[in-house]
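Following: one structure in C-alpha cells, then a few remarks.
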Number of protein chains: 4
Amino acid sequence: MASAPDPNRRSERARVAVLEAAIALCREVGFGQLTIEGIAERAGVSKKTIYRWWPSKGAVLLDAVSELVDRIARHGDTGDLAADMCAQLNTVVAMMNPQEMSPVAALASESQRDPALAAVIRERVILPSIAGFEDRMRSAQRAGQIPVDADLHVALDLFYGPIYHRLVYRLPLHTEEEIRTRVDHVIAGLRAMG
Amino acid sequence: MASAPDPNRRSERARVAVLEAAIALCREVGFGQLTIEGIAERAGVSKKTIYRWWPSKGAVLLDAVSELVDRIARHGDTGDLAADMCAQLNTVVAMMNPQEMSPVAALASESQRDPALAAVIRERVILPSIAGFEDRMRSAQRAGQIPVDADLHVALDLFYGPIYHRLVYRLPLHTEEEIRTRVDHVIAGLRAMG
Amino acid sequence: MASAPDPNRRSERARVAVLEAAIALCREVGFGQLTIEGIAERAGVSKKTIYRWWPSKGAVLLDAVSELVDRIARHGDTGDLAADMCAQLNTVVAMMNPQEMSPVAALASESQRDPALAAVIRERVILPSIAGFEDRMRSAQRAGQIPVDADLHVALDLFYGPIYHRLVYRLPLHTEEEIRTRVDHVIAGLRAMG
Amino acid sequence: MASAPDPNRRSERARVAVLEAAIALCREVGFGQLTIEGIAERAGVSKKTIYRWWPSKGAVLLDAVSELVDRIARHGDTGDLAADMCAQLNTVVAMMNPQEMSPVAALASESQRDPALAAVIRERVILPSIAGFEDRMRSAQRAGQIPVDADLHVALDLFYGPIYHRLVYRLPLHTEEEIRTRVDHVIAGLRAMG
DNA sequence: AGATAAGCGAGACGGTACGTCCTGTCTTAGG
DNA sequence: CCTAAGACAGGACGTACCGTCTCGCTTATCT
C-alpha cells in the first residue's frame, strides 16, 4: 500500500518553487500546454515531488492561485446591496478574463474534465462563496433592500449566471456598466416577485 | 503545398463511421479520454482520414452532435413568452447534463482550450441561437409581454446565465420548476426596469 | 491484442541509425550506462521505434554487433589443428577484451540477467560456433591429429574454458603464447586419453 | 569531507537484517530485480544505512553469501589429486547453478558491470582460491602426480575453465561424471607435456 | 476502356508527456 | 553519531497519443 507522505517533512522550498513555476508557465503557454514535466523542470524539482503532493496539474494551479480564488469568497457589506454586488461581480470578471489566459478560468474549464478537481474547487471556493453571498443577502433582507421571502437560490443564479454564460462561450466579458445594469435588473426582479 | 481534399470524393461510409464511433466512445469513456486514435480504431478508419476532414477531436464531436446542438438555436413562439423560454432552457439543461458525460457540455469545456473550436461553435450554434432568442424577444415586445425598450442583452444574460453558472461549477442542474421560477423573475425584472 | 509490426514497412534508415548509435554509445559509456533513451536520442529516433523492433537493449546491441559475433562461429581448417584453434581462440579473446568495453563481453554479461537474450545468443552464436568446432574436430580425427574416439564435449570445454574463467573474474586475458600453451596441453590430453 | 563511519558503533541488528533481506529477495526476484530500496524496506532499515556500509548491491550480496563463496577458496588434500579437484569443482558447480538464481553466479555477472565489485571479489575470493589451488598443485608435484615443471597457470585454466564456459552461455552445467572426465583429461595433458 | 488521381485502411515514424521506479544524497527526530 | 524514515533531484523506464508520412488498394472521374 502506498502510504501518504508526511506533511511535516515537506520541503517548503520545493512547494513554493512548484507553485511559482506553475503560475509563470501558465501565463506563458496557457493552461492547455502546461505540463507536470514543464513545471518540474522550471521549478528545479523532480516530477516525483509534484506527484507526491498534488494529484493533477489542476490541483497544482489551484494551490498556486488559491489566494486569488479565495477573493471570490469574500463579500463586503457597505450597506449598499447593488454596489456590493457590482464590486463582487467585477472582481470575478477580472479574474476570469480569458485574454490573459487566466488561471482561474482555466481551472473552471479543467474541472469539467476532472471531477476530483471539480469537487475540491466546489468545497474550497464555490460553496464558501455561496455562503458569503447568502449572508450578504440576508443582511439585505434585514435592511429591507430585497423582500424577506426572496428566494436566495434564484438571486444567486441571476447575479452570477450572466458571467458564466459569456465565459463558457467565450463571448466578451461584461463591462462595469453592464454589470450594474444586470444587478439592477436582478434586484428589481426580486422585489417584483416578493 | 497541401491542397484541400476533394469533398466530392469523400467516403460517406468513413464519415458516418467516425461520427458514430466518436459518440459511442465519448459516452463510454468521456470526452477527456476520447482520442483520435481510439476513434479511428473503433471506426475502422485510418487516422489520416480523420485528420483530413476534421481539425480536432472537438470538431469531430461537434459534427457528431450537430443535430443535437442545432436544437439549441431553435426558439419556438407559442405566444406564451414564459412557456417558450422554459421550453428552450429545459432543452439546454437536458443537453448539458454532465451525469451522462454529455458531449454538448464536453464541447463547451473543450472550447476553452481550443479557440478555433470555440469560434466554430460560436458561429454555428451560439450566435444563431442568440439571433433566434432576440427574434423571440422582439415578438414578446410587440405582444406587450416585456417593455419595448427592454435591454435584450440583459435578457439574454439573465435567462441563460443561471444554467451556465451551475454547469461551470458542476452544481446540480435546474429542475423544470427552478427554471420556471427564474424565468418569472427575469420577466418581472425586465418589466420593472422598463 | 498488440499485433506484431509489419517488417515490410520498416524504415531502414531508423534501423541503421539505432544500431550505429548503440555501438557508438556503448563504446563511449559502457554497456551498463547504455540506455534505450540515450540510443533513441543519439539515433534521432523515437523510443517507440526501438521498442517496436527490439525487446531489450541487449537485443539491440546483439543486432549491432552481429557481424562481429558471427565471426566467432567461423572455424577455419588449414589442416593444422593447433594453429586453427589458436586462431579461433585469439579471435574470441580479442572480441572479449573488457578494456575496450567490448560489446561482445557486455552481451555475455547481460545474458546472465536476461534469459530471453541468453537464448537468442545461444541459438544465433554459440550453438553454430559449437557445430563449427565439432566439424573441425572431426576433420582432425580423420587426419589422425586426435583420437577417433576423443570426447568432443571435453575438447570444447578444455579449448574454450580458459578464456571464460579469466573473463568472468576479470583476470587479464590470454596472450597468444598462453593460448598456444593451452591448446598444446589440450591436444596432448586428448591424445593421452584416446 | 565525509569522514568514514565508525564501525564500533555499527548496529549488528541492522547489519544482519540487511544481509538476510538481500538473500531472501535475491531468491525471490533474482539479482536483476534486486534493489537497494527493496532490501531496505524488507530489512526495516533506512537506505542511508545500507549506503553507509556497502558501496553497491553487489557488495551487500557478497557479504551475504560470503561464507558460501569462501568455500570456493578451500582446497582439501586427501592425497588423491583427481578426487580433490573433482570435489572442488563440484562445489563450484553447485554454487553456480543458475536454475536456482544463484547469488554466486549473480555476483560473477554483476562484477562485469562493476569493476569495484570485481576487484573485491578477486581479492577476497578468487586470488585466495588460486593460492589454495597452487598449494594443492605443488603438493601433487611433490607426490609425483603431475610433473614438477607443470605450468600451474595452465592447470588452473584447464581445471576451472570448463565450468565458466558453460556458465557464461547458460549451457547446462556439468554432472559429476563430466567433471571427472575433464579432470582426468587435464591431468593427462599436464603429464604428457611435462 | 484505360489512365490517372484521389480517398482510403493500415500503420510506421519522430515526438512529447505521461506516471512509475530506483538511485544516491540529504534532512529530521529519536536514542 | 548511528539509526529509521523518508523527502528530495535526477533520470530511465515503458506506454499512450499526437500529427505526419508512406505504402498498396480501391474507386471514381477524365480522357
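Note on naming: letters A, B, ... go to the chains in the order of the sequence lines (proteins, then strands), and numbering restarts at 1 for each one.
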Report summary line: By side chain to side chain contact (heavy atoms under 4.5 Å, CB included), A:Arg9 pairs with (sequence neighbours left out) A:Asp6
Query raised in the report: Near DNA chain F, which residues from residues 7-23 of chain C have a heavy atom under 4.0 Å away?
Result: C:Arg9
Report task. Using a cut-off of strictly less than 4.0 Å, decide whether B:Trp53 has a side-chain nitrogen or oxygen near OP1 or OP2 of E:dC8. Result -> yes
Requested in this report: Give, for atom CG of B:Leu107 and atom CG of B:Leu117, the distance between the pair rounded to the nearest 0.5 Å.
Outcome: 6.0 Å
Query raised in the report: Can you tell me how far CZ of A:Arg113 sits from CD of A:Glu110, rounded to the nearest 0.5 angstrom?
Result: 6.0 Å
Query - Residue-level proximity of residues 34-44 of chain B to DNA chain F when a heavy atom falls under 4.0 Å - result: B:Thr35, B:Ile36, B:Glu37
**Report entry** Residue A:Asp6, side-chain heavy atoms: nucleotide from E:dC21, F:dA7, E:dA6 that is nearest
**Finding:** F:dA7
Query raised in the report: Given atom CH2 of D:Trp54 and atom C1' of F:dT3, what is their separation to the nearest angstrom?
Result: 13 Å
Query raised in the report: In whole Å, what is the span from the NZ atom of C:Lys48 to the C1' atom of F:dA16?
Result: 7 Å
Query - All salt bridge (charged side-chain N to carboxylate O under 4.0 Å, His left out) counterparts of C:Arg10, not counting sequence neighbours - result: none
Query raised in the report: So does C:Arg170 pair up with D:Asp114, basic N to acidic O under 4.0 Å?
Result: no
Query - Presence of donor-acceptor pair under 3.5 Å, side chain of D:Lys47 and base of E:dG24 - result: yes
Query raised in the report: Roughly, in whole Å, what's the span from CZ in D:Arg52 to P in E:dT27?
Result: 14 Å
Query raised in the report: Where each residue is assigned the nucleotide of DNA chain F containing its nearest heavy atom, which of B:Gln33 and A:Val45 is assigned the position nearer the 5′ end?
Result: A:Val45
**Report entry** Residues forming a salt bridge (charged side-chain N to carboxylate O under 4.0 Å, His left out) with C:Glu41, sequence neighbours excluded
**Finding:** none
**Report entry** side-chain N/O D:Thr49 vs F:dC2 OP1/OP2, d < 4.0 Å
**Finding:** no
Requested in this report: May I have the distance from D:Tyr51 (atom OH) to E:dT27 (atom P), rounded to whole angstrom?
Outcome: 17 Å
Query - A:Leu61 side, atom CG; A:Lys57 side, atom NZ - distance, nearest 0.5 Å - result: 9.0 Å
Query - Pairing residues for A:Glu28 by the salt bridge (charged side-chain N to carboxylate O under 4.0 Å, His left out) criterion, not counting sequence neighbours - result: A:Arg42
Query raised in the report: For A:Ile50 and F:dA9, what is the distance between atoms CD1 and C1' respectively, to the nearest whole Å?
Result: 12 Å
Query raised in the report: Is a donor on one side and an acceptor on the other found under 3.5 Å between the side chain of B:Gln112 and the backbone of A:Ala106?
Result: no
